[in-house]
Amino acid sequence: MKKIIGTAVIMLLLAGCGSTAAQRTMIDSSGTAKETLEAAAQTSDSSRMQHLTLESEALGKAMKVNVYLPEEYADGAGGPYPVLYALHGKNGNENSFFSSGLNIGERAAKLVNEGRIAPFIIVSPQLDNSYGVNSSEKLDKRHEYALGRYEDYLLKDLIPAIDANYNTVANREGRYIGGISMGGYAALHLALTHPDMFSKVGGHSAAVWKETPDYLAWLYQGDQPQEEVDPVMLVGKGAAKKLAIYLDHGDKEHESIADGNQALMEALDKAGVSYEYHSSPGGHNDKYWAAHMDDYLQFYGNKGEEGKK
């Protein structure tokens, strides 16, 4: 039921933080460069941002990734830290959560300093316009959309590299995933498909569909049929009961997306799954998401909520 609240080797290149000249350190999933990364955290600016390039084996190309480290990370005394994987929307990139007023790193630091959330690492990867699914064995294009093994990139390339090279809680209880619009679809798809890997999932104006538009038919032309990819259909498979779920969108949301979220909630209700649903004034834009970023962070970083086990 809902609670309605109104209104394989992986290679990374570490770019220098702030305005200093880029210093690139090559690391792989063995974690042999972990000390180098921790040293970089101790000398970075107050934002604790690290800019990485991951050579994805699944995609066969380099992908950019931003990592925000909490201030406590640099002193080496705390941790391990939970990790939030924050997935951008269509036409966004790895910078989207850290700009356009969303400013997720600054918001997180403020909430930690106020004692409102526990500190955690935030990882925001380049996702292209892919919806985060395995849609094609090889990289391909459908107009402005990117096809490839993007699910494998996120799960088999990115997450192991982050866990190997940072001081993370490397299990489902300490791993969260959320996204905006297209990224919300990807987050829900990944969490519902792999509840053994995530404990919390957020769909913020998630681009889910009651009836998938024809121009997105390629989503289900990979190895898996629609019922194994589509978040609305995945709910009935039972995995949703293992997750803490947060859904929201504005009252001026695109009709097709609002209808899709309604269909998702109806599926959750039918399956007897608890979740949070937030509806507030706003549209499908950065202004709306920025206004609710603190709410999102408090869901992921709630000190008394470690997700369902």
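Residue indices begin at 1 and follow the sequence shown.
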- Return the set of residues passing side-chain contact (heavy atoms from CB on, under 4.5 Å) with D251 (not counting sequence neighbours), or none when no residue passes.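 Checked D251 against side-chain contact (heavy atoms from CB on, under 4.5 Å); matches are P281.
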- Message: A217: which residues meet the side-chain contact (heavy atoms from CB on, under 4.5 Å) condition with it, sequence neighbours left out?
- Response: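 In terms of side-chain contact (heavy atoms from CB on, under 4.5 Å), with neighbours along the sequence ignored, A217 is linked to Q221.
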- Taking R175 for the side chain and M197 for the main chain, is one N or O donor matched with an acceptor at less than 3.5 Å?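 Checking the backbone N and O of M197 against the side chain of R175, a donor-acceptor pair under 3.5 Å is found.
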- Of all residues at least two apart in sequence or in a different chain, which pass the side-chain hydrogen bond (donor to acceptor under 3.5 Å, both in side chains) check with K61?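 With neighbours one apart ignored, the set is D128.
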- Task: Would you please name every residue forming a side-chain hydrogen bond (donor to acceptor under 3.5 Å, both in side chains) with K210, sequence neighbours left out?
- Result: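 side-chain hydrogen bond (donor to acceptor under 3.5 Å, both in side chains) list for K210, sorted by chain: empty.
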- Just say parallel, tilted or perpendicular for the rings of Y176 and Y300, cut-offs at 30° and 60°.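 Aromatic pair Y176/Y300 classed parallel.
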- Message: Please list all pairs meeting ring-ring contact (aromatic ring centres under 6.0 Å, His included) that have one or both residues in residues 226-247, counting only residues at least two apart or in different chains.
- Response: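 Residue pairs with at least one partner in residues 226-247: H204-Y246, Y246-H278, Y246-Y296, Y246-F299.
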- Determine which pairs satisfy ring-ring contact (aromatic ring centres under 6.0 Å, His included) with at least one residue from residues 95-141, sequence neighbours left out, and list them in order.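 For residues 95-141, and leaving out neighbouring residues, the ring-ring contact (aromatic ring centres under 6.0 Å, His included) pairs sorted by first residue read Y131-Y185.
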Using the salt bridge (Lys or Arg N to Asp or Glu O under 4.0 Å) criterion, which residues pair with [X]? Sequence neighbours excluded.
{"X": "E255", "answer": "none"}
{"X": "D286", "answer": "none"}
{"X": "E228", "answer": "none"}
{"X": "D294", "answer": "R107"}

- Task: Return the set of residues passing ring pair (Phe, Tyr, Trp, His ring centres under 6.0 Å) with H194 (not counting sequence neighbours), or none when no residue passes.
- Result: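 So H194 forms no ring pair (Phe, Tyr, Trp, His ring centres under 6.0 Å) with any residue.
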- Task: For W209, enumerate each residue passing the ring pair (Phe, Tyr, Trp, His ring centres under 6.0 Å) test, keeping only those at least two apart in sequence or located in another chain.
- Result: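 Scan of W209 (ring pair (Phe, Tyr, Trp, His ring centres under 6.0 Å), adjacent residues dropped) gives none.
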